[in-house]
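The structure appears right after this line, and notes come after that.
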Amino acid sequence: MNRYNFQDIEKKWQKYWEDNKFFKTSIDKKKKKFYCLEMFPYPSGKIHMGHVRNYTIGDVLARYKTLQGFNVLHPMGWDAFGMPAENAARDNNLDPKIWTNSNIATMKNQLKKLGLSIDWDREISTCSEDYYKHQQIFFLELLEKKLVYRKENYVNWDPVDQTVLANEQVIDGKGWRSGAIVERKKLNQWFFDISKFSQDLLDGLENLETWPNKVKTMQRNWIGKSFGCEIDFKVEGDLPIDIIKCFTTRPDTLFGFSFLALSIDHPISSYFEKNKEFLKFKEECSKTGTTEEAIAVGDKIGFKTNLEAINPLDSTQKVPVYFANFVLMDYGFGAVFGCPGHDQRDFDFAKKYKLQIKTVVRPPNENENFKVLDEAYAGPGIIINSKFLNGFEAPINSVLETIKILEEKKLGKKKVNFRLKDWGVSRQRYWGCPIPVAYDDTGKVHALPKSMLPVKLPENINLKVKGNPLDSQTDWKQIIIDGKKMTRETDTLDTFVCSSWYYLRFCSPKENNYGFKKEDIDYWMPVDQYIGGVEHAILHLLYSRFFMRAINYNNKNFNIIEPFQSLFTQGMVCHETYRDEKNNWLSPDDVEKINNKFVLKSDPNKSVKVGPSESMSKSKKNVIDPEFIIKNYGADSVRLFILSDSPPEKDVQWSEQGMVSAYKFIQKLWGLHNEIKMKISNEKKDQQDKEIDKFTSQVISKITHNLEKFNYNVIVANMYETYNYLINYVKKNKNLKNLEENYKKILICFSPVIPHFANECLVDLGIKGDVNWPNYDKSLLDDEKVNIVVQINGKKREIIQVKKDTDEKEILTLIKKNDKIQNLIKNKDVVKKIFVPNKILNYLIK
RNA sequence: GCCCUCGUGGUGAAAUUGGUAGACACAAAGGACUUAAAAUCCUUGCCGCUUGCGGAGUGCCAGUUCGAGUCUGGCCGAGGGCACCA
């Protein structure tokens, strides 16, 4: 028998699919659609194992749905704007466009070698004018709808990348790409008004039943809704200020009020601009730590003003007003009322400045003499020491009561606050989508007329300049609108804007007048299954959900507003890490295992330190190159292995042995195929063999069920089981009956995972044209014979095989003949017998 | 600190609804074939005694149930998210 030549066969099928545009899709209203989308890749150079896993998972689903008769949209594109291109281009004196496009070409070629069922006619690239011109139109639409605005704001400034970062792009106080410590800087920036949709984005999560709870929780926390009230505190002092507004979730602790704290960026700080002490204090604030954690744990410091705030519920009480480093300007009103007894931060602050600490809530198990001592009490309880609030249950009842009173007295009102801040989209970078506006002499913003779109990026520019390269493009910056000289906006859009609507573009990739066609959206959207990494749980997914709402705002472009019906987040691909004696990272290629010990390939006398398995990353060198693996083992083997070892939502360990065994399995399947082919030529096709019919039905049922549930690792196990069974079956049975028909069905079940192999075998058996997902005979699934587990006091003692639906009486007669059971129950009181048909018989004895 | 998720053999993991725990695979040990190796195939896999049988057993402790990996409560451990959000 010849070996399975995966090189030739995979190449043949890939060519066949490509030549026949096998995966090209168009609207077909007679068919149910299925939009299967995997997060599109950033064209960094080569594909990595994470891509292999992500796109294999998606491809299995897309192929399965196609076989089920769905009209499947399965597109692919490129998230092609972004910093790496600009940096690579700068360092190598290239055009970012050339760098990017060449990476795209390489990666597209690699993806094709995986045998993905992608409609490449719909390929898009966010850096092409064809794409970003529509994004510019969207931007202007949002500007018109007042969902985009410009404001001066403190921003997260990355000093290495010389650009602004969104809050979400700052991780532990460092830039997510550069790792540089992020600085605060005041700049004029463009913002998307995402906070306008806070409530709606929160509510929308309720309907996303097939999203992982983890992701929904993360989004809920990020949106951060809290219920409370705003309170106007009257103030007295030497400044022309009457009132300071605060937001609080605990107005019920107002009688524990002992200071009022302002953010150093609070408008009132303008009165202190010339106060040297204040400036010194401000300086000190900026020094306290850089990571969020350091700030959270760090010292609380304050600057006392001469102002005094009056307790709205007790006008005789006046407390000092401080500036404090722990108050954030962009949450609430940048001012908080301090209640040290029941808020740990306030407690720390009060201790430091020797302010009064009053106890106004007691825990349920304490009496009225309870006093806060070493730490604040923030838990539930009963209000004490608070005049008319005494006895109220805290927090719920007491908060509602206090709000009612404050509203009656017009001292405050109910308020819902969100943590979600508006999305800053300005980036001081070249390689991004230009923002289609210009400024006149007075600095007024003018939207570019549509006729002047797209605003194209200038070419042949100098990327070596500091800051934004577009800023130094004086020719490009000058523009004339309606005869007036103006200056272009030189900021470009955050690349997350590009990925917020690409799923819409895939529906109408060639549409010229607008980003999409309504007809296409109505048919294809929403994405039925979205698949990608959990690292996008907040940013990309929240922005996309916002973008759909924003585009639809005021002009119903479409009827659905949630872009992704179902979400699946796959785990990462991990590999052991290796280091040499000097702690330098080693690539798996440099390492060899001899006698259970890891040593250097180049020098087997030198041992290698094996570290924990971590997600593959270039910096730790624990990467395996997919191209090399595909070349050596074939796409089907890689697909099989990447799915086999762990559930798709969990991390998977890359294992060379596992990879080899997947490869061998394909070879074994080929051996089985040839044996079956040889034997079925003289099988009696008109006769039934119930055994193989039943087995096939079980296989189809199991694989179908596991496909629906994303149990792709179990499908691989099902495939191994099927092989183990069939190889025995073929050896055992000399006279075959209807194996061929059943075997073909099994091959179709295998085809989503190993499409080249399965199609080759099907054609080898004479199948031409379309195949469909096989049906199975449900009645065959039920075993005619079942195992009854005989238990004594809940412990398994014996298994007896009986006909299905045998009644209790009959089973009891059988058991009477069973020595083992009889021995166990003799001389014992049988108190009760529990019988579950076809499953169990349990004796309770004393 | 707050929130979420998860704890099953040497390892990755299976176990539709509470009903035979460990499917499937990796690694290991032993064996067969071979002059030898590779490849392939078979067996084993916690404890106790004689091929069989008995016992323990799904992080720990309780509970519900005839019966718990699965349900409930508490504890311990690991991973992830958020973190001066008032």
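Chain letters run A, B, ... following the sequence lines, proteins first and then strands; every chain starts at 1.
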[X] side-chain N/O to [N] phosphate OP1/OP2 under 4.0 Å:
{"X": "A:Tyr331", "N": "B:A86", "answer": "yes"}
{"X": "A:Lys664", "N": "B:U40", "answer": "yes"}
{"X": "A:Ser655", "N": "B:U11", "answer": "no"}
{"X": "A:Lys795", "N": "B:G19", "answer": "no"}
{"X": "A:Lys245", "N": "B:A86", "answer": "no"}

Looking at A:Phe255 versus A:Phe257, is the centre-to-centre ring distance below 6.0 Å?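 No, too far apart.
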Determine if the base of B:G30 is syn or anti; take syn to mean the glycosidic torsion is within 90° of 0. anti
Contact class for A:Asn713 vs. all strands (heavy atom < 4.0 Å): base, sugar-phosphate, or nothing? sugar-phosphate
Could you work out the separation of [N] and [M] based on their [atom1] atoms and round it to a whole Å?
{"N": "B:A27", "M": "B:A39", "atom1": "P", "value": "10 Å"}
{"N": "B:A68", "M": "B:G19", "atom1": "P", "value": "11 Å"}
{"N": "B:C75", "M": "B:C3", "atom1": "P", "value": "13 Å"}
{"N": "B:G59", "M": "B:G9", "atom1": "P", "value": "7 Å"}
{"N": "B:A21", "M": "B:G54", "atom1": "P", "value": "13 Å"}
{"N": "B:A86", "M": "B:U11", "atom1": "C1'", "value": "49 Å"}

When the nearest nucleotide of RNA chain B is assigned to A:Phe333 and to A:Asn221 on a heavy-atom basis, which residue is associated with the more 5' position?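 Nearer the 5' end of the strand: A:Asn221.
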So which one's nearest nucleotide on RNA chain B is more toward 5', A:Lys702 or A:Gly332? A:Lys702
Assess whether atom NZ of A:Lys245 is packed by more than 12 heavy atoms of other residues, nucleotides or ligands within 6.0 Å. yes
Around A:Glu209, counting heavy atoms of other residues, nucleotides and ligands shown, do more than 12 lie under 6.0 Å from its CD? no
If we only count heavy atoms from C-beta on, is the A:Ile666 to A:Phe6 side-chain gap below 4.5 Å? no
